[in-house]
Amino acid sequence: MSVAFIEGGFMSKGKKWVALVLAVALVLAVALTGCASKTDTGTSDTTGNTTKTVTLKTIEPGKLLVGSDTAFPPFESMNGNVAEGFDVDLMKAIGEKLGLEVTFKTEIFDTLIPTLKAGGKFDVIASGMTIKPDRQLEIDFSDPYYDSNQSLVMKKGTTYTGPEQLSGKKVGVQSGTTGEAWAKENVTGATLVPFKNATDAFAALQAGNVDAVVNDLPVSTELLKDDDRGLAIVAQIPTGEQYGFGVSKDNPDLTAAINKALAEIKSDGTYNDIYQKWFGILPE
Amino acid sequence: MTQPVVRIVNLHKSFGSLEVLKGVNLEVQRGEVVVILGPSGSGKSTTLRCVNHLEEPSSGEVWLQDVQINAPGANVNKVREHIGMVFQSFNLFPHLTARGNVMLAQRKVLGRTQAEAERIADEQLAKVGLSDRADHYPSQLSGGQQQRVAIARALAMDPIVMLFDEVTSALDPELVRDVLEVMKELALAGMTMLVVTHEMGFAREVASRAVFMDGGVIVEEGTPEAVFDHPQNDRTKDFLGHIS
Amino acid sequence: MGHPNRRRTLRLFSLAIAGIVLTCAFATQAIAMTGAKVTVDRDTGGQLTRFTFAATSGQDEPVTRIDFLFPEGFDPADAKVDVTLLEGLKRLSTSFEQSIDPQTGVVSVMFDAPVPPKSNYLIQVRDVMTPIAGGTYELPVQYTVEASGTSSPEVRSVSGLTFKYNTPPREEVISRWLDSQAWVKMWNSVKVLDLFLKPQQFVRAVPLLFAGWLMSLSLVLSAFPISIMGGLGTAFMKMSKVPPVRWLASIYINVIRGTPLFLQIFVVFIGLRTTGLRFPDYLSAVVVLAFNSSAYLAEIFRAGIQSISKGQFEAASSLGMTYWQAMRYVIIPQTVRRVLPTMTSEFILLFKDTALFAAVGIFELMLRSQNFVARSGNLTAYVVAALYYLIITIPLINLVGRLEYKLAQSEHGVTAPTGKRRARGGVGPLSGPDFDATAAKHESR
């Protein structure tokens, strides 16, 4: 309630400063009228349902920089130069609980983890990233926030009989994803063609450069809503994978804080609201 | 009188709005050496270049024997085969040796065999005194040597007339003599020549006729003695007064 | 399909376990689980491998326990188990315990509560050491169905679950040997070296990227001769006396030079194909490269031809040569000598530009190295790719320098400045306003 919100990570430096000044002014105004007792970043305990936090270590004090491959609707996509989507809203809600201003930064999926590890660019990954043991060796993950599966997409009208059908064909995947790993293990005899992001892979499928695309089911569903593409999900692949937010192993406090905020958001209904906004239904 | 080798009738030439030739009439008979004199900008080089159609006349007629070069549909390339031209800036082909320079057009234009072209090239190079430089590239030759190769190149085509466009102007004074010597021998051998030059000595000694041009027209013409020693026109007197 | 005696041991094994639960496993042979399969995440043996078992249980099968009977030679002693259960696409929560018998190679998953029938099972057994020899192996799986009413617990088995992998190639063996070397460990303890010059990854990347290098080279070698012809043709069109021909050439040159190659690639690979016009990938790539490079070469050639003095053309004409004879025997040979350095530079640029085809899935050097980096999380492959590019470019860059030097000498008959070579597109025999064709290019791409 005391933090001004700025969308997107693509504002000019000048604009950011203006926003920051406005935010500080707002906080001061609220404090002076006696509505809040403290102005410390991330600390507020007046209403009882907000989080009580220690001051969190982030790259820019008072800010939570989020790395994301913003071509993955409905989880994240660019609306003009502003990031939007399920992950974005969720992250903002978490940021609100933590008293941090959330800024999204676009980064190619397969470089998210190395960049987070290297440090200095963003504090957390929110990019529809599946929690996987080999990734857990590199970074920490928050508690899962979304259950996902994979899908196989082909040209509309294609009958799909099984992975054997793809032998000798080209299968598009997004580089570094679980879809790629699944295809590698299960579609033997096919050439895997990696793409930077899911939308590029679908464009290639539309153009006929690949014969099929393996991709996260909710994203395929979202992207194929537009019937004009002439593509269809020919198989749903149950993988039961779960998305989590990635945090550097050097910042366990942040992971803990995000988990706490996530739990709160789930219990106070915010999670359901955001879920309904982006998927049109309530989570089961 | 026999048919002239070159006949220029009422030749006009303009570059844009600038009229350079304002009605030139000139005939060159077989075996004649005609020297064209005149201040710069008088149109003497342009006249020469019109003869082999490097410049297209604005109006008038240019004939080589019985062929009008500037008639519509005339085969200019065919006519040029018979007109040798030597330039002030040599214009040797730098990627070919001296011999290669002399051979190229013989092979490609006249269709001579390799052996024949080579024989003639060596003959012509010998005539200009450069037998020992046949395998040199132009960049390895002095200006005077280059110009002599250029003369040999033109002669190898068996021209019926030779055009010389200020061929010694770009040479160091000590190299001029060799070139003039070659030209003199050529004249003595009976070659029909049209020469634009500032070399008065050469003109006096070799020319059968001197033509003085100014302002795009021929002002005066006659034997060298008549034009040089007893000029009738004031502009000729003025010009000769300046250079001598 | 495994050795007979190994199979025998396995059967004995199954019998032993069956005996424990007082049921005869072989009598049943009921394959009630459907869609069962086993996959592995590695394609070569001799390393820690993740096994994924996927199946759907039958209508009457509340499962309490699943056993994986790893064949002889497989070592699951340090294995870890992950279980994902789904009902359709919906994830079910579960809790279980795992046990491993290193002697027999059996990994067991015991569910705290029976898993409801008709569930999708996804069980991952990670970190199982595989034997190095490649081949097709079988992983027998047994599962226990909960006792119900009259019947006692029953062990059922799933057989015929095969998986395969290859014997590791030489570079893989070398790489693993390097893993154990002390100097390698020391070397890799320096973060930068580990990230960019990890010996193990280097050894792996060299043979893997070689094919990409050949692809890049072959693309540019196929395209460049076409570019030379196209460029020459366009140059003559640009110098044509017929205005529409000249305009056509100008439009082509300006559009190609005025837009990024990247965009041109997308137009052909995505745009044209979406409209139904498609050629094979390789052909398309060659066409885009040739089309692009022709425009640059056209300007290089035109500038080169126009830099030849007018006197050369006049001399040729005065000897009776036609326009095309003069071009063919006098102007072009001189132009070639003059444009050779710039043309070589264009070749170098074009070779490097093949990297852009990574975006449309042509397996050239860049895409291969990107894949390698994405898979390994290590940047050494980029260094290897750089070396592959340099193998071609460095000698050519040298050649350009020598050509320029020779040209300067032959045209001016003087010794050109040695030591420091001129900057690209800088002062040379081709300098001056006419000869900025490539200078512009260096900026634009």
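Throughout, protein chains are lettered first and strands after them, A, B, ... in sequence-line order, and every chain is numbered starting at 1.
Using cut-offs of 30° and 60° for the angle between ring planes, the F279(A) and Y146(A) rings count as parallel. The aromatic rings of Y145(A) and F245(A) lie parallel to each other, with less than 30° between the two planes, well short of the 60° mark.
Of the atoms belonging to D41(C), heavy atoms from both backbone and side chain fall under 4.5 Å from chain A. If you measure heavy-atom distances from F269(C) to chain A, the contacts under 4.5 Å come from both the backbone and the side chain. Residue E138(A): no heavy atom, backbone or side chain, is found under 4.5 Å from chain C. Contacts of D200(A) with chain C are absent, with no heavy-atom separation under 4.5 Å from either backbone or side chain. Heavy atoms of K170(A) lying under 4.5 Å from chain C belong exclusively to its side chain. Residue contact with chain A, scored on non-hydrogen atoms closer than 4.5 Å, involves the backbone of A359(C) exclusively. Only the side chain of T191(A) has a heavy atom closer than 4.5 Å to any heavy atom of chain C. For T84(C), the part lying under 4.5 angstrom from a heavy atom of chain A is the side chain only. Neither the backbone nor the side chain of R42(C) comes within less than 4.5 Å of any heavy atom in chain A. Looking at L217(A), only its side chain comes within 4.5 Å of chain C, counting heavy atoms on both sides. Proximity to chain C (any heavy atom under 4.5 Å) is restricted, for P163(A), to the side chain, taken from C-beta onward.
Looking only at side-chain heavy atoms (C-beta outward), I123(C) and F68(C) come within less than 4.5 Å of each other. Annotation: side chain of D216(A) is in contact with side chain of E241(A) (closest heavy-atom distance under 4.5 Å). Inter-residue side-chain proximity for L112(A) and F122(A) is flagged as met; some heavy-atom pair is nearer than 4.5 Å.
Rounded to the nearest 0.5 angstrom, F357(C) CZ and D281(C) CG are separated by 10.0 Å. Between atom CG of residue D69(A) and atom OG1 of residue T199(A) there is a gap of 8.0 Å, rounded to the nearest 0.5 Å. Separating the CZ atom in F372(C) from the CG atom in N378(C) is a distance of 7.5 Å, to the nearest 0.5 Å.
For the set L89(C), T52(C), L86(C), the count of heavy-atom pairs under 4.5 angstrom toward chain A peaks at L89(C). Chosen from P133(A), S175(A), A203(A), the residue pairing most often with chain C at heavy-atom distances under 4.5 Å is P133(A). For the set D110(A), D147(A), V193(A), N209(A), the entry with the most heavy-atom pairs within less than 4.5 Å of chain C is N209(A). Put simply, of K191(C), Q124(C), R273(C), K80(C), the one with the most heavy-atom pairs under 4.5 Å next to chain A is R273(C). Annotation: maximal heavy-atom pairing with chain A below 4.5 Å, among V360(C), D82(C), I270(C), V373(C), occurs at I270(C).
A salt bridge links R176(C) to E172(C): one of the charged nitrogens lies within less than 4.0 Å of a carboxylate oxygen. Comment: E87(C) does not engage K118(C) in a salt bridge, judged by the lack of any side-chain N to carboxylate O separation of less than 4.0 angstrom.
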